[in-house]
Protein chains: 2
Amino acid sequence: MSSSIEQKVHAGVLNDYFSVDCVIFGFDFSQLNVLLVDRVMTDELTGKELFNDLTLTGNHIYDDEDLDAAASRVLFDLTGLQNIYLEQFKTFGAPDRINRENDRAWLAANGRDPDKRIVTVGYYSLLATDKVTLEWKGRNVRWTPVAEVTDLAFDHMAILQEALVALRKNLLREPIGFELLPEKFTLSQLQRLYEVILGVALDKRNFRKKVARMKYLVPLEEKQMGVAHKPARLYVFDRDLYEKNRKELLDFAI
Amino acid sequence: MSSSIEQKVHAGVLNDYFSVDCVIFGFDFSQLNVLLVDRVMTDELTGKELFNDLTLTGNHIYDDEDLDAAASRVLFDLTGLQNIYLEQFKTFGAPDRINRENDRAWLAANGRDPDKRIVTVGYYSLLATDKVTLEWKGRNVRWTPVAEVTDLAFDHMAILQEALVALRKNLLREPIGFELLPEKFTLSQLQRLYEVILGVALDKRNFRKKVARMKYLVPLEEKQMGVAHKPARLYVFDRDLYEKNRKELLDFAI
DNA sequence: CCAGCTTAGTGTTACTTTTACACTTAATAA
DNA sequence: TTATTAAGTGTAAAAGTAACACTAAGCTGG
C-alpha cells in the first residue's frame with residue numbers, strides 16, 4: 001500500500017485501458033452492506049434526468065501506478081480512508097463488458113471512447129460501516145445492503161457477486177473479521193459477524209466451544225458496561241499468538 | 001473457453017498493455033513440473049549469445065479478445081492443446097515489473113517499448129505431462145521440475161510461486177486432480193498425486209479411509225494387469241455423484 | 001424494590017473424523 | 001521356489017461436530 005502522500009498527489013496520466021473496481025463491504029452487526037456510487041446523467045440541453053443508477057467504487061489507474069496502490073487511492077478518494085487492506089480477487093476483461101446503452105452514453109459524456117475495452121482489476125475490502133465517514137468531498141456514495149442490490153452499472157453486479165464469494169471463502173480460512181470489531185469485543189459480536197457475512201445461523205454453544213480452542217482469542221477479566229442485560233465478557237484477538245500457532249491447512253477434500 | 005477456430009484464427013490487433021501468463025503445471029507421478037520457454041538472445045552482428053534464460057508461457061492479448069480466451073490461445077500456440085481448463089489466479093501490474101536489463105533488451109529487440117508498462121493476468125493449469133506433445137511448431141518449450149526452477153525472466157518467478165499457492169489451495173478444496181489420472185486409476189496413484197502437488201507425505205491407511213467416505217470415488221471390479229506385484233483395484237471418479245453430493249464448505253477457522 | 005426484559009453463559013451425548021501405527025497378500029521376476 | 005514389490009487392511013485414542021434448553025446477571029419501568 002502506498003503512503004498517504006502518494007495516494008493524494010499523483011502526477012501520472014490516467015490510463016484508458018486499466019481500471020480498478022473496489023467492492024467495499026461494510027459490516028454493521030445487522031447486515032452486510034456495500035459502498036455504491038450514484039451515477040446520475042442529465043441531458044445537457046433540457047436538464048432532464050436521463051438515468052440515475054449505481055456503480056461500484058472504481059476508477060482508471062495512472063500509467064505509473066501500482067495496481068494495489070490504485071485500489072487504495074480510489075478508496076481514499078471516495079471515503080478518505082487510508083491503510084485499509086484491499087484484496088485483489090479477480091480481473092474482468094470481457095471485450096464486451098461495457099455494452100449497455102447507459103454505460104456507453106456515460107463514457108462518451110465523460111470523454112472516453114465507449115468502444116475501447118477496459119480491463120478492470122477487482123479488489124474487495126471489509127470495513128465497519130461506522131468507521132467510514134461518507135461526507136467526503138461531497139461524493140454521492142452510500143451504503144446499501146448487499147441483499148437489496150439488484151442492478152448495477154457496467155458488469156458491476158457480476159463483480160459484486162464474485163467479490164462476495166471471495167470474501168466468504170477468505171473469511172472461512174483466515175481471521176479477517178477482527179478489523180471490524182472494537183478492539184475488545186464480545187463473543188456474541190464475533191458470532192454475529194460470521195452469521196452476517198456468511199449468511200448462515202450458527203449454534204451459540206458450538207460456536208463458543210470452537211472459540212475456546214482458538215488460543216489467540218484471549219478472554220479478558222473485563223465486562224461490558226452499561227448494557228441493559230447481563231454484561232458479556234470481553235475478548236481480544238492476539239495477532240502474535242495467531243501468527244505463531246497458525247498451522248498449515250492440509251485438510252483436503254479429495 | 002473459445003472454440004478451436006477462434007483460437008487458431010484471430011483477426012485483431014495485439015494490445016501492448018495486456019498480456020496473459022500461463023503457468024502450466026505438469027504432473028508425472030514423480031514430480032510437479034512447469035512448462036517453460038527458452039529465451040535466447042544473440043547479438044545480431046557478432047552472432048554471440050547474449051543470454052539464454054527461461055520464461056513462462058505468456059503473450060500479449062488481442063484487443064478484442066477475452067482474457068480467458070487469450071490464455072487458451074497462448075496455451076494452444078505453445079503446446080497444441082485445446083479445451084484445457086485455465087484458472088485465473090492473479091493479475092500482476094507493478095509499474096516496474098519489467099526492469100532487468102535482459103528483459104528490457106529483449107522487449108526492445110522484439111519491437112516493444114521497454115518503458116511501457118504491461119499488466120499481465122496470471123492463469124494456471126494442471127496437466128499430465130505425458131498428455132502433452134512438446135514437438136509443436138518447433139517451439140523451444142520444455143518441462144522443468146518446479147523444485148529446480150531458480151530464476152526466470154521478468155517477474156515470472158513470483159508469478160510461478162503465486163500460481164503454486166493457488167494450485168495447492170484449489171487442490172485442497174476441489175477434486176481437480178482427476179484430469180491428471182487415467183480414467184481408471186489406483187488409490188496409490190491418487191495418493192501420489194496429492195503428495196506430489198502438495199509436497200507432503202500422506203499416511204496410506206488414513207488416505208484410504210478418507211477415500212472410502214467419498215462416494216463419488218467408485219471402486220470397480222477390475223484390477224491392474226501386468227504389474228510385478230499385487231495388482232491394485234481400479235477406481236473411477238463419478239462427476240455426477242460429486243456434483244450432486246457436493247456440500248457447502250462451512251467449516252470455518254475463526 | 002421487585003417483576004420483567006434481554007442477552008450471556010453453560011454441558012452432555014452420540015456421532016464422525018483424525019492420527020498414529022505394522023503386518024499380510026498377490027502378482028511378477030529371477 | 002524364492003525374492004521383490006506394491007496393495008491392502010484394523011484399532012484405539014483423541015479431537016471435533018451437531019443437536020439441544022435452561023439459568024444468570026444486569027438494567028428498566030412501574
Side-chain angles (χ1 to χ4, degrees), chain A residues 28-30 171-173 175 181-182 184-196 198 200-236 245-254, chain B residues 28-30 171-173 175 181-182 184-196 198 200-236 245-254:
Chain A
D28 69 3
F29 287 110
S30 77
L171 183 65
L172 290 173
R173 305 286 148 230
L181 298 174
K184 300 174 182 179
F185 52 86
T186 71
L187 294 189
S188 294
Q189 290 174 323
L190 184 61
Q191 181 178 343
R192 187 87 186 112
L193 188 158
Y194 278 84
E195 290 180 330
V196 165
L198 298 178
V200 295
L202 301 172
D203 179 88
K204 179 159 67 162
R205 279 182 283 196
N206 294 337
F207 183 85
R208 282 160 188 253
K209 261 179 290 183
K210 196 155 189 164
V211 164
R213 284 194 298 272
M214 311 292 163
K215 303 303 183 193
Y216 47 85
L217 285 176
V218 186
L220 302 175
E221 295 304 324
E222 204 175 331
K223 290 171 188 264
Q224 275 183 315
M225 279 178 16
V227 287
H229 53 76
K230 178 173 177 178
R233 177 183 287 265
L234 296 173
Y235 286 72
V236 292
N245 299 351
R246 147 215 275 302
K247 53 182 170 218
E248 285 308 310
L249 292 171
L250 248 183
D251 215 22
F252 54 96
I254 298 175
Chain B
D28 69 4
F29 285 110
S30 76
L171 183 65
L172 290 174
R173 307 283 148 231
L181 298 174
K184 300 174 181 179
F185 52 85
T186 71
L187 294 189
S188 294
Q189 290 174 322
L190 184 61
Q191 181 177 342
R192 187 87 188 113
L193 188 156
Y194 279 83
E195 291 179 329
V196 164
L198 298 179
V200 296
L202 301 172
D203 180 88
K204 179 158 66 163
R205 279 181 283 194
N206 294 337
F207 183 86
R208 281 158 189 254
K209 261 178 293 184
K210 197 155 189 163
V211 165
R213 283 195 297 274
M214 311 292 165
K215 302 303 184 196
Y216 47 85
L217 284 175
V218 185
L220 303 175
E221 296 303 323
E222 204 175 331
K223 290 170 188 261
Q224 274 182 315
M225 279 178 16
V227 287
H229 53 77
K230 178 172 177 178
R233 178 184 286 266
L234 296 173
Y235 287 72
V236 293
N245 298 351
R246 145 217 277 302
K247 56 181 167 218
E248 285 311 308
L249 292 172
L250 247 183
D251 217 20
F252 55 95
I254 299 175

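As the structure is a prediction and not an experimental result, all values here were calculated from the model. Residue numbers start from 1 in every chain, and the chains themselves are labelled A, B, ... in the order their sequence lines are given, proteins ahead of strands.
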Quick one: is dA6(D) close enough that its OP1 or OP2 comes under 4.0 Å of any side-chain N or O from S188(B)?
no
From the list L181(B), L217(B), L220(B), side chain to side chain contact (heavy atoms under 4.5 Å, CB included) partner of V236(B) resolves to L220(B)
Between CZ of R192(A) and P of dA8(C) the distance, given in whole Å, is 11 Å
Between dA8(C) atom P and Q191(A) atom CD, what is the distance in whole Å?
9 Å
Distance, rounded to the nearest Å, where L187(A) contributes CG and dG9(C) contributes C1':
10 Å
Counting only distance, no hydrogens or angles, is the base of dT12(C) paired donor-acceptor with the side chain of K209(A) under 3.5 Å?
yes
Atom pair distance, as rounded to whole Å: CG in L202(A) and C1' in dA18(D)
12 Å
So do Q189(A) and R192(A) actually touch side chain to side chain, heavy atoms under 4.5 Å?
no
Here the pair of heavy atoms bringing T186(B) nearest to A232(B) is CG2-CB, 3.6 Å
Its contact letters, B for base, S for sugar-phosphate only and - for none at protein heavy atoms under 4.0 Å, make nucleotides 21-28 of chain D read B--BBBSS
Where do R205(A) and D203(A) come nearest, in terms of heavy atoms and distance?
N-OD2, 3.1 Å
Check: L202(B) and Y194(B) side chains under 4.5 Å, non-hydrogen atoms
yes
K215(B) NZ to dT16(C) P, straight-line distance once rounded to whole Å
11 Å
Shortest non-hydrogen separation from E221(A) to R233(A) and the atoms involved
OE2-NH1, 3.7 Å
Side-chain N,O (R213(B)) to OP1/OP2 (dT18(C)) below 4.0 Å
yes
What's the verdict on side-chain contact (heavy atoms from CB on, under 4.5 Å) for K210(B) and Q191(B), showing C-alpha distance, side-chain angles and the deciding distance?
CA-CA 11 Å; K210(B) 197 155 189 163; Q191(B) 181 177 342; over 6 Å; no
dA22(C) C1' sits how many Å from N206(B) CG, rounded?
13 Å
Send over the distance from D203(A) CG to dG16(D) P, rounded to a whole Å.
17 Å
Give a yes/no on whether any side-chain N or O of R208(B) is located under 4.0 angstrom from OP1 or OP2 of dG8(D).
yes
Distance check needed: dA8(C) C1' versus F207(A) CZ, whole Å only.
14 Å
